[in-house]
Structure formats: structure tokens, C-alpha cells
2 protein chains.
Amino acid sequence: MRILIVEDEPTLARQLRQTLESAGYAVDSAHDGEEGQYLGETEAYDAVILDLGLPEVDGLTVLDRWRKAGHKMPVLVLTARDSWSDKVAGLDAGADDYLAKPFQSEELIARLRALIRRASGNASSELVAGGVRLDTRSGRVTLDGEPVKMTAQEYKLLSYLMHHKGKVVSRTELIEHIYDQDFDRDSNTIEVFITRIRKKLGADLITTIRGLGYSLQG
Amino acid sequence: MRILIVEDEPTLARQLRQTLESAGYAVDSAHDGEEGQYLGETEAYDAVILDLGLPEVDGLTVLDRWRKAGHKMPVLVLTARDSWSDKVAGLDAGADDYLAKPFQSEELIARLRALIRRASGNASSELVAGGVRLDTRSGRVTLDGEPVKMTAQEYKLLSYLMHHKGKVVSRTELIEHIYDQDFDRDSNTIEVFITRIRKKLGADLITTIRGLGYSLQG
DNA sequence: ATCCTCGACGATCAGAATCCGCATTCCATG
DNA sequence: CATGGAATGCGGATTCTGATCGTCGAGGAT
């Protein structure tokens with residue numbers, strides 16, 4: 001999953017990035033509203049963390065423009081503590097959740113997870129396909145009840161597929177959602193990791209649709 | 001389906017081509033207005049993506065000339081962000097849709113699909129003929145409810161026929177819309193694929209009109 | 001009018017060429 | 001040492017080509 005952070009304050013931005021990366025997300029960050037708006041329009045994110053107090057273009061404006069342009073990705077808004085009006089305005093402008101600063105990283109991660117889950121239309125934090133279960137809270141994967149050890153990258157790939165069960169996911173889409181901005185687009189890593197996942201979880205789990213991409217059975 | 005890209009900026013042009021090709025379109029590209037105009041007049045496209053800011057001949061001029069010459073293919077105009085006047089002028093000159101740069105590839109594909117669908121007079125993204133259903137979004141085909149596996153080329157051919165249900169489609173037309181510029185025009189591939197499609201979906205679906213081409217029942 | 005013949009066009013098949021995905025190995029990094 | 005990413009060769013699926021076969025229909029002969 002790939003996240004965009006729009007936050008001008010360098011310390012907080014760095015801290016956020018670290019938290020998210022160690023939770024297994026691919027992270028891009030923007031330091032002002034303009035850059036944030038641009039990235040949000042251009043790149044494919046599974047969620048955005050948006051600070052409302054920004055230089056150049058205000059956070060609310062950015063959010064509003066995204067929504068008007070038809071971008072539907074979940075947005076988690078960061079507000080100053082007890083800034084009730086900000087919160088209301090944010091929800092009005094189309095925020096999906098909000099969090100008052102300061103906050104604990106666990107809470108951020110939890111909310112983010114919930115956001116992404118809701119966006120993909122899943123009710124529980126446990127995703128199931130065939131004999132495979134993936135718990136997004138603990139990051140554990142089991143096959144027929146037996147725990148399976150996954151590496152970070154394998155997990156990300158599998159998780160994205162399971163979030164989009166039934167849909168045909170192109171290689172490009174996978175690359176866009178698993179890696180951040182600068183990544184060599186013609187490389188066969190995706191194939192390699194698909195192979196590795198199949199080796200661990202069985203060959204039937206992931207179906208290849210030749211020329212289009214991969215798909216997980218509903 | 002075959003698309004013409006008229007875009008002078010090499011990076012964007014390449015990126016567009018890649019996106020479209022991986023979505024299964026045949027792509028030609030022109031790097032300035034003159035070339036674009038020529039191709040648009042000469043070749044048969046199912047849609048055109050036209051950047052307004054072009055060297056040599058301006059995009060609007062090109063569009064205007066096409067329309068005056070009676071070319072009716074759907075045109076998706078790319079405008080600079082918030083360039084309201086461009087948008088208005090574009091729509092005046094006969095653009096069918098517009099998209100502000102920058103944009104996400106997914107959105108481009110979605111709009112293109114909508115454009116082509118509208119042009120062929122279909123309301124939904126699902127095309128039906130006899131017991132055969134084709135969903136242009138997911139790229140799946142079913143016969144009497146049963147999913148049928150189609151190869152990329154078979155799918156393209158079928159899709160074109162279904163978009164032009166009832167009309168008699170000549171072999172030349174099929175070649176022009178399924179392959180891009182450089183393709184050997186005297187080859188019997190079309191016949192081969194027609195045979196294969198009939199084998200998968202039943203012989204009655206596609207009628208041969210001797211000397212003219214093929215046709216799908218309304 | 002009916003039948004026959006011939007030519008043109010379309011259908012089908014088999015094999016060649018090509019493309020695409022897969023596995024494996026290797027190297028870099030931390 | 002474990003992991004992630006790059007390079008390579010293999011193998012099967014897909015596409016294309018060329019050859020052959022079948023069929024339709026025009027037009028002439030009866």
C-alpha cells in the first residue's frame with residue numbers, strides 16, 4: 001500500500017514517514033499544498049495523510065480540489081488539538097477521518113488501516129482467500145491454519161492482491177501501489193515475488209491473466 | 001481499438017503510449033500538429049488524445065480542421081490545469097471530453113472507455129449479443145453465464161464487432177482498428193481469429209457477408 | 001428454367017516465429 | 001545472513017504465415 005504524506009513541518013514529516021515505512025507502507029511526501037495537490041492528482045495512493053495547516057495552498061483547499069476533480073482516495077486529516085471548526089470543515093470537504101495532533105503512532109496506523117480496509121470494501125481486518133488468511137492488524141499470514149513466514153515485500157504484494165480480490169490487477173498497478181515514486185518500471189520483480197508467494201502459499205492462489213495481470217479468486 | 005496520440009512532449013507521449021498499450025489499445029502517435037492532422041485524416045481511429053499546446057499547428061486548429069472536414073471520431077483534449085478558456089474553446093471546436101494535466105492514468109483510461117462507448121451508442125459498459133456478454137471494464141467474456149477464456153487478440157476482435165453490432169464490418173476495417181500503422185495488410189489473420197472466436201462462442205454469433213465482411217446480429 | 005463449371009473468396013489446419021511469464025541464479029545491501 | 005532486486009535461459013501460450021480445402025454464386029450451355 002502506498003501513502004502520501006502532506007506535511008510541512010519537517011520533524012513531524014520525517015517521523016510520520018518512519019512510522020509508516022516500518023509498518024510496511026510505501027511512502028511519498030509533499031512539503032507544501034501545491035506539491036501535495038500535484039502528487040495526489042498524478043500518482044496512485046491508497047490513502048493520504050493531510051495536514052490542514054500548510055503554507056502556499058491550504059490543506060482544505062487541496063482536499064476540496066481533489067474531490068472536485070473526482071479523486072476518491074481516503075484522506076486522513078491532521079488537525080490541531082480541539083480545533084473543532086477545522087474538523088467540521090475537513091469532513092465537509094470530504095475527509096474520511098481526522099486525528100488531532102499530537103497523536104500516538106499506533107493510533108495513526110490503526111486508523112489508516114481501517115481507512116484502507118473500508119475503501120476496499122472489506123468488513124473485517126482479516127482477509128481470506130482459499131486456505132489463506134491475512135490479518136492486517138498483526139501482519140500475519142496463515143495457510144490452512146499454519147502460520148507462514150512472509151518477507152516484507154511478499155507481504156505487501158499479497159496484501160494488495162487480497163484487498164482487491166476478484167479484480168484483475170495489472171503489473172503496472174502493483175508497482176504503483178507497492179513502491180514509491182522512483183522505481184524502475186521495467187523490471188521483473190513483480191514476477192519474482194509472485195513466484196515466491198506461490199511457492200509459499202500454493203500455485204493456485206494467484207491466477208495469471210496473460211497480457212493483463214494477476215487475479216485472486218473471490 | 002486504435003488510438004491516436006497527438007503530443008509533442010516526448011516523456012508524456014511515451015508514458016501515454018505505455019498506459020494505453022497495456023490497456024490493450026493499438027496506438028499511433030504524432031509529435032506535432034501537422035503530423036497529427038494528417039494521421040487523423042488518413043487513418044481510422046476510435047479515439048484521439050489531443051494536446052492543445054503544440055508546435056507548428058495549434059491543437060485547436062487541428063481539431064477544427066478535422067471537424068470541418070467531417071471527421072467525427074471522439075477527441076479527448078488535454079489542457080493545462082485550470083485553463084478555463086482552453087477548455088471552453090476546445091469544447092466549442094468539437095472536443096468530446098477534456099482532461100486537465102496532470103492526471104492519473106486510471107482516469108484517462110476510464111474516460112477513454114466512456115468516450116468509445118458513447119461513440120458506439122452503448123449505455124452500459126457491458127455489451128450483449130445473443131448469449132454472449134462482454135464487460136469492457138474487467139475484460140471478461142461469458143457465454144450463457146459461463147466465463148470463456150479469450151486471448152488478447154480474440155478479445156480485441158470480438159470487442160470491436162460488439163461495439164458495432166448490426167453493422168457490416170469489412171476485413172480492412174478490422175485490421176485498421178485492431179493493429180497499428182505498420183501491419184501487413186494482406187494476411188488472413190482476421191479469418192483465423194474469426195474461426196477461433198466461432199469455435200469458442202458458437203458459429204452463429206458472427207455472420208459472414210461474402211465479399212463485404214462480417215456482422216454481429218443486433 | 002435447370003444444371004454445370006469455374007473462379008473467387010472464405011475456412012481451416014499445421015507448423016514457424018514470437019512473445020510473455022516463470023524459475024533460477026547471482027549480486028548488492030544492510 | 002536474510003532480503004530485495006537484476007540478469008538470464010527455458011518453456012509454453014499465442015500469434016502469424018502459408019498451404020490446402022470447402023463453398024458460394026455468376027454465367028454459360030442445355
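Remember, it's a predicted structure, so these values are computed and weren't measured experimentally.
At the phosphate of dG4(D), OP1 or OP2 sits under 4.0 Å from a side-chain N or O atom of T151(A). Side-chain nitrogen and oxygen atoms of Y179(B) include at least one within less than 4.0 Å of the OP1 or OP2 phosphate oxygen of dC16(D). Not one side-chain nitrogen or oxygen of T189(B) sits closer than 4.0 Å to the OP1 or OP2 atom of dC16(D). Between Y214(B) and dA11(C) there is a side-chain N or O to OP1 or OP2 distance below 4.0 Å.
Rounded to a whole Å, the CD atom of Q153(B) is 12 Å from the P atom of dC19(C). Here dT15(D) presents its C1' atom at 12 Å from NZ of K200(B), a figure rounded to the nearest Å. Taking atom CD1 on I206(A) and atom P on dA23(C), their separation rounds to 11 Å, with Å as the unit. For the pair R171(B) CZ and dA11(C) C1', the interatomic distance rounds to 11 Å; values are reported in whole Å. Whole-Å rounding puts the I178(A) CD1 to dG4(D) P distance at 12 Å. Separating the CD1 atom of I209(A) from the P atom of dA13(D) is a distance of 16 Å, rounded to the nearest angstrom. Atom CD1 of I190(A) is separated from atom P of dA23(C) by 15 Å (rounded to the nearest Å). Separating the NZ atom of K199(B) from the C1' atom of dT15(D) is a distance of 15 Å, rounded to the nearest angstrom.
No engagement by K156(A) is indicated, since no non-hydrogen atom pair under 4.0 Å with the nucleic acid exists. Looking at heavy-atom distances under 4.0 Å, T195(B) makes contact with a base.
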### Task
Go through the steps for E191(A) and I194(A) under the test side chain to side chain contact (heavy atoms under 4.5 Å, CB included), then give the verdict.
CA-CA 5 Å; E191(A) 272 119 310; I194(A) 292 280; 5.6 Å; no
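Candidate nucleotides dG10(C), dT3(D), dT17(D) were compared by shortest atom distance to the side chain of K149(A), and dT3(D) ranks first. With distances taken from any side-chain atom of F193(B) to the nucleotides dC16(D), dA6(D), dG21(C), the minimum falls on dC16(D). Listed nucleotides dG4(D), dT15(D), dG10(C) differ in distance to E191(B); the shortest reach to its side chain belongs to dG10(C).
Applying the ring-ring contact (aromatic ring centres under 6.0 Å, His included) test to Y160(A) and every residue at least two apart in sequence or in another chain returns H164(A), H177(A).
One N or O donor and one acceptor, one from the side chain of R196(A) and one from the base of dG5(D), sit under 3.5 Å apart. Between the side chain of N188(B) and the base of dG18(D), a donor-acceptor pair under 3.5 Å is found.
Side chain to side chain, T207(B) and Q217(B) meet the donor-acceptor criterion of an N or O pair below 3.5 Å. S29(A) and R17(A) are linked by a side-chain donor-acceptor pair at a separation below 3.5 angstrom, with hydrogens and angles left out of the test. Residues R137(A) and S125(A) have side chains that never bring a donor and an acceptor to within less than 3.5 angstrom of each other. Of the N and O atoms on the side chains of D28(B) and Y45(B), at least one donor lies less than 3.5 Å from an acceptor on the other residue.
Listed for the K165(B) side chain is a donor-acceptor partner under 3.5 Å among the backbone atoms of V128(B). R198(B) places a side-chain N or O within 3.5 Å of a backbone atom of I206(B) that can act as its donor or acceptor partner.
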What nitrogen or oxygen pairs link the protein and nucleotides 20-27 of chain D at under 3.5 Å?
{"residue": "dT23(D)", "atom": "O2", "partner": "R210(B)", "partner atom": "NH2", "Å": "3.3"}

